[in-house]
Chemist: 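What follows is a structure written as structure tokens; I'll ask about it next.
No experiment lies behind these values; they were computed from the predicted model shown.
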Amino acid sequence: MGRWPTFGVRLLVAVTFVSSCHGSATGPNQDPLTIGRWTGSGSCLSVTETACDLVVGCGHGQFPRPALRADGTFDVNGTYRIEAGPISIEPAPPAQFLGSVRGSSLTLTVSPSVPSLPPASYSMALTGTGLCVVPCV
């Protein structure tokens, strides 16, 4: 009979350890942003397996496909520039992308590092697949 209490305690510790390895409501979710084309208000975000490509008028941003936290938010670094005329060969300046997903809706805020470009927010919905068309040349 002396072995069973020890076995029960070990079993309880093992079950607690295994269950703590799974996500919780307060821990990170780590689900990636849904692949597809998110559009709205003149903005378009193409999400592929590894990368995101944002087009807003003459603005163009790129960042790695982010993992969502349990609350549906993410923040990731990437690049953002305004492109007009011939394609620039200079590297795009850094930018921070903050997002919040609620169902099939995405709010994305872009904060470029260029002082003359203020942060901007865009509301989009998951509308299909494919790449975004760059309307500005």
Chemist: Working to the nearest 0.5 angstrom, can you tell me the gap between Thr79 OG1 and His60 NE2?
Modeler: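 So the OG1 of Thr79 and the NE2 of His60 are separated by 7.5 Å.
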Chemist: Could you check whether any side-chain heavy atom of Val47 comes within less than 4.5 Å of a side-chain heavy atom of Arg65, counting everything from C-beta outward?
Modeler: yes
Chemist: Return yes if a side-chain donor-acceptor contact under 3.5 Å exists between Thr73 and Ser100, otherwise no.
Modeler: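 No, no side-chain donor-acceptor contact under 3.5 Å.
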Chemist: Heavy-atom distance under 4.5 Å between the side chains of Leu98 and Val110, does that happen here?
Modeler: no
Chemist: Identify the heavy atoms of Pro119 and Pro112 that sit nearest to each other, and give their distance.
Modeler: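 The pair with the smallest heavy-atom distance is CA-CD, 4.2 Å.
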Chemist: Taking all heavy atoms of Arg81 and all of Pro93, pick out the closest pair and write down the distance.
Modeler: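 Closest approach of Arg81 to Pro93, heavy atoms only: CB-CD, 3.9 Å.
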Chemist: Is Val114 linked to Tyr80 within one hydrophobic cluster, defined over Ile, Leu, Val, Met, Phe, Trp and Tyr using a side-chain heavy-atom separation of less than 4.5 Å?
Modeler: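 Val114 and Tyr80: one cluster.
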Chemist: Measure across Ser123 and Thr107 and return the closest heavy-atom pair with its distance rounded to 0.1 Å.
Modeler: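 Looking at all heavy atoms of both residues, the shortest contact is OG-OG1, 4.1 Å.
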Chemist: Take Thr129 and Ile35, measure what side-chain contact (heavy atoms from CB on, under 4.5 Å) needs, and give me the verdict at the end.
Modeler: CA-CA 8 Å; Thr129 60; Ile35 291 174; over 6 Å; no
Chemist: Measuring from Asp75:CG to Asn77:CG, what's the distance to the nearest 0.5 Å?
Modeler: 7.5 Å
Chemist: Calculate, to the nearest 0.5 Å, the distance between atoms CZ and CG belonging to Arg37 and Asp53 respectively.
Modeler: 12.5 Å
Chemist: Look up atom CD in Gln96 and atom OG1 in Thr109, then write down how far apart they are to the nearest 0.5 Å.
Modeler: 9.5 Å
Chemist: Atom CD1 in Ile82, atom OG in Ser116: separation rounded to 0.5 Å?
Modeler: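 The CD1 atom of Ile82 sits 8.5 Å away from the OG atom of Ser116.
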Chemist: If you take all heavy atoms of Gly130 and Ser46, which pair is closest and at what distance?
Modeler: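 That would be O-OG, 3.5 Å.
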Chemist: Closest approach of Ser104 and Trp38, non-hydrogen atoms and distance?
Modeler: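 Scanning both residues, the minimum pair turns out to be O-CZ3, 3.5 Å.
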Chemist: Would you give the length of the straight line joining atom CG of Leu68 to atom CZ of Phe74, rounded to the nearest 0.5 angstrom?
Modeler: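 Here the rounded value is 7.0 Å.
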Chemist: Are Thr39 and Met124 side-chain neighbours, meaning at least one heavy-atom pair lies under 4.5 Å?
Modeler: no
Chemist: Tell me, do Leu54 and Phe97 make a side-chain contact under 4.5 Å, heavy atoms counted?
Modeler: yes
Chemist: Kindly indicate whether the side chain of Thr34, heavy atoms from C-beta on, has any atom under 4.5 Å from the side chain of Leu126.
Modeler: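 Yes; the side chains approach each other to less than 4.5 Å.
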